[in-house]
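These notes are about the structure you will find just below.
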Amino acid sequence: MSIYRTHTCGELTTKDVGQTVSLSGWIYRRRDHGGVAFIDLRDHYGVTQIVFHPDCGLINDVTHLTLESVVKVTGVVVKRDAAQVNPNMATGDIELEVKSMEILSKVEKLPWALADDSIPEDLRLKYRMLDLRRERLQHNLKMRSDVIAFLRRKMWDNGFREYQTPILTSSSPEGARDFLVPSRLNPGKFYALPQAPQQFKQLLMVAGYDRYFQIAPCFRDEDPRADRSPGEFYQLDMEMSFVTQDDIFAVMEDVIGDLFRHFADGKEVVTGTDSKAFTRIPFDEALMKYGSDKPDLRNPLVVQNVADIFEASEFTAFKGVLKNGGHVRAIPAPKAADKPRSWFDKLVSWATTDLGAGGLGYITCTAEGEFKGPIAKFLSDAQVKEIFTRCGMGKGDVVFFMACGKHQVMKMVGPVRTKLAEELDLIDKNQYRLCWIVDFPMYEYDEDNKKVDFSHNPFSMPQGGMEALEGQDPLTIKAFQYDLVCNGYEISSGAIRNHRPEVMYKAFEIAGYSAETVDAKFGGMINAFKLGAPPHGGNAPGIDRIVMILCDEPNIREVIAFPLNGRAQDLMMGAPSEVSEQQLRELNIRHTSIPGQQQVKAS
RNA sequence: GGGGGUGUAGCUCAGUCGGUUAGAGUGCUAGCCUGUCACGCUAGAGGUCGCGGGUUCGAGCCCCGUCACUCCCGCCA
């Protein structure tokens, strides 16, 4: 038994009445009535009301303590009178009649009241230790720990073992920007922090370990987003040998499907099939129907291609877009015809300013079946009817139109589909909808450099193998490359790898890399594949993002104990910081100081 | 690198048409109160209106610039 407590603040009940107990924790709230005073004492497990009666002689002490001070109290558990029971508290049937109190830690001054719920984020990050005391973050981080424990168990149950891979590795030429670490023993040379253990896990497959996983830290020096933490994040990195895409899907559908079912907390987990399998949507179809490669399937709206109709119309604006290789898509908006003019105006202004779209057209169908709207006059009645039929819309409904450039479907059409569903409240917030996006293109055309380039992982196996690479238009080749998507978030990405050197050289050749370049850049991997490599593949679910979704948080920082802010700074520790000249000398580093640049301040 | 939003007391915010000494709630400090549970009551302290410049008789408010935070685009094999 601890000298600090006999129980936690969450466990005393009427069964303990009459016992003398000790609790330790933080003073959460205080109610002072002069003659009698109460404090709510909080620890990780809950809150218990402590009563200070006049004869305890401690009222003056406790009322002059700043909230959040840490105390140990000893006293007797008493049952509350019926009128005093607090049904909102787990321990609301009892209270502790205090006999003695020991102050373990005094608070000097709080930067904010802990009960306050809307504190600016930079302040929260500066005093993260205070922020982390709040119930919401305690819940999120416990959830994170539980999710990781669950994933480890499930991976073990599926025959996987966890292996560590290096944190100090070499800079890789493809992919995101690396974090670099100077080498003291090798002047002028740098390690890179791994963007993912990609090459190492493939080498483990070559080494015959068959089923690998790791709760792996990944480091990428890219700008953040709400669902993307700057600097570092964690993946459930996994790889397996002698498998096809179907084998990998089966494992992930078991692991991730069960994960969501286990932590859904009453929400419905929808896989789109009557088994454990997840719906599979080819990339091209996702782009067409949802305008996104990570569609939110809770959103029932389905986009339609109406290029042919506008091609045959008198609407020169859209015809011009089509002539330049662009697209015209229709997005249905059921039961929106009676929305006020201002609703439409706001959407159009949102599309032009926020999305940077040229415009947003729409045609409404009144309750009487009359078509109205800014672009209705450019179309014949038959053409409008055809559009409404394709969209499954009718009286009282609206169809929106978006014209966009060749490569702008995801940037323009997808957001409109999402916005309309939000505006019309069509998204079932009580669901997790999981699906695979499959058949990603192997290559895409790089408009900037006027060349064919890899569209995803260059190590992915092209569908059709060598035959496809040699005989097919590169831009039509698909890869065994897939993403796992939940509620509009990409939660995992993976591939069947290209384990055959000759296919690898050919794949790189198409993207403009010589065999010499491939050897120079990926020598380790390609040599490994010349020493007996099993067919293999895998993927890597993003743990932070999955926890964020399960916690129903809009921002990934809410599920990370000590996140960096939007400029990749740790406001509490003061990172990144300047280092001494001595340290730099040892590393053979000299830097040009940047005048006027602010040091990140530690709290 | 680009675009949007925000910035007034420790914190959350209000501040009208540009016009007297910039307000409220909360927290803080002191006091009162014997059953509260976001206790209540009284009083007090607390302000570089993010920063700099400009327009004006006069700027929290208008203009220009800048900084910080945040969301998005680019980027993220």
Side-chain angles (χ1 to χ4, degrees), chain A residues 28-41 47-55 59 63-64 66-68 78 80-81 83-89 91-92 95 97 107-127 172-178 195-196 198-199 218-231 233 349-350 352-356 408 410-412 415 440 442-444 448 453-460 479 481 490 493-495 508 511 521-522 540 542 554-555 557 565-567 569 571 596-598 600-601:
Chain A
Y28 188 40
R29 283 184 293 255
R30 178 175 47 217
R31 293 170 295 280
D32 172 17
H33 289 256
V36 64
F38 305 90
I39 63 172
D40 292 337
L41 195 69
V47 176
T48 302
Q49 174 165 282
I50 317 294
V51 198
F52 290 72
H53 285 302
D55 57 359
I59 290 184
T63 53
H64 285 89
T66 308
L67 294 182
E68 291 302 306
V78 298
R80 297 198 198 182
D81 291 344
Q84 291 156 8
V85 164
N86 185 344
N88 300 319
M89 282 174 88
T91 60
E95 59 193 3
E97 248 179 40
V107 168
E108 288 181 8
K109 193 171 192 296
L110 279 176
W112 72 80
L114 205 72
D116 266 359
D117 207 27
S118 47
I119 305 297
E121 195 169 5
D122 43 350
L123 207 59
R124 292 178 51 201
L125 292 177
K126 185 172 173 184
Y127 296 96
S172 69
E174 300 290 324
R177 195 178 295 110
D178 283 320
Q195 296 178 22
Q198 182 65 36
Q199 294 196 48
C218 303
F219 306 90
R220 295 176 194 175
D221 188 4
E222 298 291 349
D223 287 0
R225 289 287 183 274
D227 66 347
R228 201 170 79 196
S229 176
F233 59 97
S349 119
W350 165 81
T352 49
T353 54
D354 283 36
L355 285 185
Q408 291 191 305
M410 279 204 250
K411 208 180 150 183
M412 301 288 177
F440 276 82
M442 183 81 186
Y443 299 100
E444 64 192 10
D448 292 340
D453 203 356
F454 292 108
S455 65
H456 283 83
N457 190 329
F459 305 130
S460 299
Q481 165 89 38
E490 176 198 318
S493 189
F508 272 93
K521 287 181 167 180
F522 306 106
N555 191 296
R557 290 185 295 274
N565 73 356
R567 296 214 320 192
Q569 301 167 335
L571 299 174
Q597 191 183 336
Q598 272 187 359
V600 184
K601 287 211 182 66

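Every chain is numbered from 1 and lettered A, B, ... according to where its sequence line falls, protein lines coming before strand lines.
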For B:rC75, does OP1 or OP2 lie under 4.0 Å from any side-chain N or O of A:Arg177? no
Taking only side-chain N and O atoms of A:Arg567, does any of them lie within less than 4.0 angstrom of OP1 or OP2 on B:rA68? yes
Distance-only donor-acceptor test (3.5 Å): side chain A:Asp122, base B:rC69: no
C1' gap between B:rC63 and B:rA22, integer Å: 23 Å
Looking only at the side chain of A:His33 (C-beta and beyond, no hydrogens), which of the listed nucleotides B:rC75, B:rG35, B:rC37 gets closest? B:rG35
Per the 3.5 Å Watson-Crick/G-U criterion and a run length of at least three, the stems involving RNA chain B are B:1-7 with B:67-73, B:10-13 with B:23-26, B:28-32 with B:40-44, B:50-54 with B:62-66
Does A:His64 make a side-chain N or O approach to OP1 or OP2 of B:rC28 shorter than 4.0 Å? no
Pairwise side-chain contact, A:Arg567 with A:Pro224, heavy-atom cut-off 4.5 Å (strictly under): no
Name the nucleic acid region contacted by A:Gln198, choosing base, sugar-phosphate or nothing; use a 4.0 angstrom heavy-atom cut-off, strictly under. base
Check the phosphate of B:rC37 against A:Asn88, side-chain N and O only, distance under 4.0 Å to OP1 or OP2. Yes or no? no
Treating primed atoms plus P, OP1 and OP2 as sugar-phosphate and everything else as base, which nucleotides of nucleotides 10-15 of chain B get B, S or - for protein heavy atoms under 4.0 Å? SSS---
Rounded distance [0.5 Å steps], CZ in A:Phe38 versus NE2 in A:His33: 5.5 Å
With hydrogens left out and only the distance checked, is there a donor-acceptor pair under 3.5 Å joining A:Gln84's side chain and the base of B:rU36? no
CG of A:Leu571 versus P of B:rA68: gap in Å, rounded? 12 Å
Heavy-atom donor-acceptor pair, A:Asp223 side-chain to B:rG74 base, under 3.5 Å: yes
On the nucleotide B:rU36, are OP1 or OP2 found under 4.0 Å from the side-chain N or O atoms that A:Arg31 carries? no
Taking atom OH of A:Tyr443 and atom CG of A:Asp453, what is their separation to the nearest 0.5 Å? 9.5 Å
Given the C1' atoms of B:rC71 and B:rG53, what is the spacing between them in whole Å? 29 Å
Test for a donor-acceptor pair under 3.5 Å between the base of B:rC37 and the side chain of A:Arg80, counting only N and O atoms. yes
Suppose you measure atom P in B:rC75 against the same atom in B:rC67; what distance do you get, rounded to whole Å? 25 Å
Given the P atoms of B:rC62 and B:rG18, what is the spacing between them in whole Å? 8 Å
Rounded distance in Å - CG (A:Asp32) to P (B:rA38): 17 Å
Taking atom C1' of B:rA38 as reference, at what distance in whole Å does atom CZ of A:Phe38 sit? 15 Å
Could you state the atom-to-atom distance from CD1 of A:Ile39 to C1' of B:rC39 in whole Å? 15 Å
Select one nucleotide: of B:rC37, B:rC72, B:rC28, the one nearest the side-chain heavy atoms of A:Leu67. B:rC28
Close side-chain approach of A:Trp350 and A:Pro415, heavy atoms under 4.5 Å: yes
Under the 3.5 Å rule, do the base of B:rC76 and the side chain of A:Arg228 count as making a donor-acceptor pair? yes
Got A:Asp227 and A:Glu490 here, is their nearest side-chain heavy-atom distance under 4.5 Å? no
Taking the same atom, C1', in B:rU26 and in B:rA9, what whole-Å distance lies between them? 11 Å
Calculate, to the nearest 0.5 Å, the distance between atoms CG and CG belonging to A:Asp122 and A:Leu571 respectively. 7.0 Å
Looking at CD1 of A:Ile119 and NZ of A:Lys126, how far apart are the two atoms once the value is rounded to the nearest 0.5 Å? 14.0 Å
Measuring only the C1' atom in each nucleotide, how far is B:rG52 from B:rA68? A whole number of Å is fine. 15 Å
If you define the side chain from C-beta out and look only at heavy atoms, does anything of A:Glu444 sit under 4.5 Å from A:Phe454? no
Report the distance from atom CG of A:Asp227 to atom C1' of B:rC76, rounded to the nearest whole Å. 11 Å
For B:rC69, does either OP1 or OP2 sit under 4.0 Å from a side-chain N or O belonging to A:Arg557? no
From the list B:rC73, B:rC37, B:rC71, which nucleotide is the closest neighbour of the side chain of A:Arg225? B:rC73
Could you tell me how far apart A:Gln569 (CD) and B:rC67 (C1') are, to the nearest whole angstrom? 13 Å
Value rounded to 0.5 Å, distance of CZ in A:Arg30 from OG1 in A:Thr66: 7.5 Å
Using the salt bridge (charged side-chain N to carboxylate O under 4.0 Å, His left out) rule, take A:Arg557 and A:Glu121 through it: C-alpha gap first, then chi angles, then the decisive distance, then the call. CA-CA 10 Å; A:Arg557 290 185 295 274; A:Glu121 195 169 5; 2.5 Å; yes
Any A:Asn565 side-chain nitrogen or oxygen under 4.0 Å from OP1 or OP2 of B:rA68: no
Could I get the full list of ring pair (Phe, Tyr, Trp, His ring centres under 6.0 Å) partners for A:Phe522, not counting sequence neighbours? A:Phe459, A:Phe508
With sequence neighbours excluded, what pairs up with A:Phe52 under the ring pair (Phe, Tyr, Trp, His ring centres under 6.0 Å) test? none
Working to the nearest 0.5 angstrom, can you tell me the gap between A:Phe219 CZ and A:Gln195 CD? 11.5 Å
Distances for protein N or O near nucleotides 3-8 of chain B N or O, under 3.5 Å:
none

Separation of A:Asp81 atom CG from B:rU36 atom P, in whole Å? 11 Å
Determine the interatomic distance between C1' on B:rG60 and the same-named atom on B:rG47; round to the nearest Å. 11 Å
For A:Asn555, answer base if it contacts any base atom (sugar-phosphate contacts may also be present), sugar-phosphate if it contacts only those atoms, and nothing otherwise; contact means non-hydrogen atoms under 4.0 Å. sugar-phosphate
Which residues share a side chain to side chain donor-acceptor pair (under 3.5 Å) with A:Gln49, sequence neighbours left out: A:Arg31, A:Glu95
P gap between B:rG50 and B:rG7, integer Å: 8 Å
So A:Val36 and A:Val51, do their side chains get closer than 4.5 Å, heavy atoms only? yes
Regarding the side chain of A:Glu222, the nearest nucleotide among B:rU29, B:rA38, B:rC75 is B:rC75
How close or far is atom P of B:rA38 from atom CZ of A:Arg29, stated in whole angstroms? 6 Å
Give a yes or no on whether a donor-acceptor pair under 3.5 Å exists between the nucleobase atoms of B:rC75, that is its base, and the side chain of A:Arg220. no
Any base atoms under 4.0 Å from A:Glu95, or only sugar-phosphate, or nothing? Heavy atoms, all strands. base
